[in-house]
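Contents: one structure, followed by commentary.
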Amino acid sequence: MNDNKLKNNNLLEDNISLYSRYSVSTLFLKFFVTLLLTNKITKSVSLKIIRFTLIKNNKFLIGFLNGVYFGGRNINEVRNNVRILSKNNIYSVLDYAIEGENDEIFFDNAVESTLKLIDLASEEKNIPYVVIKPSSLGSIHVYEKKAKDINFFGENINSWDRILKRYNKIFSYAELKSVRVMIDAEQSWIQTAVDKIAIDCMIKYNKSSPIITLTIQSYKKEAVDLLTMIHSIAINNNIKAGVKIVRGAYLEEETNNKEKSVGTFFSKKEDTDSNYHFLVKFISKEIDFFYPFFATHNEKSISTILNENELKNRSFWIGQLYGIRDDISSELAFNGIKTCKYLPYGPIDKSLPYLLRRINENAVATDTFVKENKNIRKEIISRLKHKLEWQ
Ligand SMILES: Cc1cc2nc3c(=O)[nH]c(=O)nc-3n(C[C@H](O)[C@H](O)[C@H](O)COP(=O)(O)OP(=O)(O)OC[C@H]3O[C@@H](n4cnc5c(N)ncnc54)[C@H](O)[C@@H]3O)c2cc1C
């Protein structure tokens, strides 16, 4: 990449194949929805209307958003999209993105789905990681109680044992198949318990390769403490620490649930940004101990990562979400950077929580979506021009 800076203006020719998965009408709709959600005046009303329409199970809107953000309804569909992305040298991280369910059968089924994904990842060289969501492996209430260490007896202990068994089943299979597993970070009130499982399991499974990667959210002031702790643990236990660095997707939920929220959150976007860049620099200086995955659509962050001298010729990944800033993913991959798309999949009728989060993000990560919309507008104009030329 020239001077390791992203240059957006000449991308359209290169990433035509990524946008080509959208019909012109989908592009129009994506453009329009993003316009409403990123404009200061229309943002909050549009957010309310879209959320309400989604919660009322509007088939049209759910179908449209699924087409943009979901990689497929089942493994076969998602596999097809993995192949399309791989033609652009973009790798895929598969995420069984069904959330908000709360029973033991669902949790056991999520384990079985993850084992199947591990099989797939071990056969397909284009899938470097498989993702697990802690809330799909156990009840939020049990994690929450464990994090606070209160009322932890009786049925809670059994449920906790089952949760630990689920993680161990996944990680031991991943180790057997040499597949890396990434643990997503979710709400702060479950994170202490999740981080503890992740770190204990890293000590057990990451001896010879970084099987487990945990996620650090830079919108938390405590993110640096967590990274520093993992660094010491990696040194003391001689393990390879997998870390995914994100800004954090639950800001609104944390703000609306202050009584449950754990830790302190930056209130200014610039502070979250600086913290993200601090984490990048920390990892870069100590790269001998880390296997990093930098998840972001932010161009400044990507430039910061690419300009870190210590990261040159070292192993790291950069990832974006499916359906967001495809232009950045294309350019990174085109320039030889190991680039992934996070590809969520699962039955359409269960995709609502994931879609709601993406819609919230449209309204929070305004810069990202304003820039994306410029590219979409160019794509629409280029398609219309093309059509007129052929008439
Ligand atoms: C591959 C991938 C995997 C991901 N996995 C996870 C995960 O496991 N867990 C998770 O929580 N998120 C995850 N995310 C989402 C991520 O945390 C961000 O929400 C999203 O990527 C937008 O941030 P950005 O870095 O792209 O940049 P930007 O668009 O520049 O940043 C937007 C982010 O900045 C922060 N922010 C915005 N306003 C404020 C404010 N006023 N005060 C403080 N902070 C603010 C928020 O975190 C917001 O999401 C993932 C993202 C990607 C690309």
Side-chain angles (χ1 to χ4, degrees), residues 6 34 37-38 43 69 71 85 90-97 99 128-136 181-191 194-195 198 212-221 223 226 242-255 261 263-277 279-280 292-305 316-329 332 338-344 353-354 356-373:
L6 283 172
T34 303
L37 287 172
T38 51
K43 185 195 279 193
Y69 295 119
L85 289 171
I90 295 174
Y91 293 76
S92 297
V93 174
L94 296 192
D95 175 13
Y96 184 66
E99 307 164 25
Y129 290 90
V130 162
V131 175
I132 53 176
K133 256 202 165 34
S135 58
S136 72
V181 181
M182 196 175 270
I183 310 175
D184 271 357
E186 298 179 86
Q187 298 88 343
S188 62
W189 46 95
I190 71 163
Q191 254 339 103
V194 172
D195 292 341
I212 300 164
T213 291
L214 67 63
T215 301
I216 301 183
Q217 296 157 312
S218 76
Y219 62 15
K220 278 186 188 163
K221 293 189 181 168
L226 180 58
V243 282
K244 176 177 66 165
I245 307 298
V246 300
R247 279 181 168 74
Y250 298 84
L251 198 56
E252 206 201 5
E253 218 177 316
E254 299 285 351
T255 317
S261 192
T264 30
F265 291 78
F266 291 110
S267 54
K268 290 194 201 123
K269 167 87 167 59
E270 305 84 85
D271 292 338
T272 298
D273 293 348
S274 310
N275 204 31
Y276 192 99
H277 298 151
L279 301 178
V280 168
F293 184 109
F294 300 108
T296 184
H297 314 99
N298 183 301
E299 287 168 44
K300 226 183 232 163
S301 301
I302 292 173
S303 291
T304 303
I305 297 160
F316 67 90
W317 287 89
I318 298 188
Q320 288 80 43
L321 300 172
Y322 192 61
I324 304 182
R325 294 305 305 259
D326 294 344
D327 57 317
I328 289 187
S329 315
L332 285 168
K338 289 203 287 186
T339 308
C340 281
K341 276 296 204 195
Y342 233 55
L343 224 68
Y354 182 85
L356 282 169
R357 225 177 32 261
R358 294 291 77 88
I359 286 299
N360 287 345
E361 211 151 17
N362 263 252
V364 176
T366 314
D367 284 357
T368 292
F369 288 94
V370 167
K371 281 182 188 142
E372 166 108 292
N373 245 13

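When a ligand or atom number is given, it counts from 1 through the structure's own listing order. Quantities reported herein were computed from a predicted structural model and do not represent experimental measurements. Sequence positions, counted from 1, serve as the residue numbers for this chain.
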Distance from [X] atom [atom1] to [Y] atom [atom2], nearest 0.5 Å?
{"X": "Lys244", "Y": "Asp184", "atom1": "NZ", "atom2": "CG", "value": "4.0 Å"}
{"X": "Asn298", "Y": "Asp273", "atom1": "CG", "atom2": "CG", "value": "5.5 Å"}
{"X": "Ile183", "Y": "Ile132", "atom1": "CD1", "atom2": "CD1", "value": "4.5 Å"}

Checklist entry - Is Arg325 salt-bridged to Asp327, cutoff N-O under 4.0 Å? => result yes

Going by heavy atoms in the side chains, are [X] and [Y] under 4.5 Å from each other?
{"X": "Trp317", "Y": "Met182", "value": "no"}
{"X": "Val280", "Y": "Phe294", "value": "yes"}
{"X": "Ser136", "Y": "Tyr96", "value": "no"}

Using distance alone, determine whether [X] and ligand 1 share an N or O pair under 3.5 Å.
{"X": "His297", "answer": "yes"}
{"X": "Lys244", "answer": "yes"}
{"X": "Tyr342", "answer": "no"}
{"X": "Phe293", "answer": "no"}
{"X": "Thr296", "answer": "yes"}
{"X": "Asn298", "answer": "yes"}
{"X": "Arg358", "answer": "no"}

Relative to [atom], which among [options] owns the nearest non-hydrogen atom?
{"atom": "atom 35 (C) of ligand 1", "options": "Leu343, Thr272, Asp367", "value": "Thr272"}
{"atom": "atom 29 (O) of ligand 1", "options": "Leu214, Asp184, Thr368", "value": "Thr368"}
{"atom": "atom 10 (C) of ligand 1", "options": "Ala295, Ser267, Ser188, Ala185", "value": "Ala185"}

Please state which protein non-hydrogen atom is closest to [atom] and give its distance, to 0.1 Å?
{"atom": "atom 36 (N) of ligand 1", "result": "Lys269 CD, 3.6 Å"}
{"atom": "atom 50 (C) of ligand 1", "result": "Val246 CG1, 3.8 Å"}
{"atom": "atom 18 (C) of ligand 1", "result": "Glu361 OE2, 3.2 Å"}
{"atom": "atom 45 (C) of ligand 1", "result": "Leu251 CD2, 3.5 Å"}
{"atom": "atom 47 (O) of ligand 1", "result": "Gly248 O, 2.6 Å"}
{"atom": "atom 33 (C) of ligand 1", "result": "Arg247 CD, 3.6 Å"}

Would you name the heavy atoms of [X] and [Y] that are closest together and state the gap between them?
{"X": "Tyr250", "Y": "Ala185", "answer": "CE1-O, 3.4 Å"}
{"X": "Ser92", "Y": "Leu85", "answer": "OG-CD1, 3.4 Å"}
{"X": "Ile212", "Y": "Ala198", "answer": "CG2-O, 4.4 Å"}
{"X": "Tyr322", "Y": "Leu343", "answer": "CD1-CD1, 3.1 Å"}

Checklist entry - In this structure, are over 12 heavy atoms from other groups packed under 6.0 Å from Tyr91 atom OH? => result no

Item to check | Proximity to ligand 1 by part of Tyr250, non-hydrogen separation under 4.0 Å | outcome: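 Only the side chain of Tyr250 comes within reach of ligand 1.
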
Item to check | Evaluation steps, salt bridge (Lys or Arg N to Asp or Glu O under 4.0 Å), between Lys341 and Asp326 | outcome: CA-CA 9 Å; Lys341 276 296 204 195; Asp326 294 344; 2.9 Å; yes

Against heavy atoms of [X], which atoms of ligand 1 measure under 4.0 Å?
{"X": "Ala249", "answer": "10 (C), 11 (O), 12 (N), 15 (C), 17 (O), 19 (O)"}
{"X": "Tyr219", "answer": "47 (O)"}
{"X": "Gly319", "answer": "1 (C), 53 (C)"}
{"X": "Gln320", "answer": "53 (C)"}

Checklist entry - Contact between Leu321 and ligand 1, counting heavy atoms under 4.0 Å? => result yes

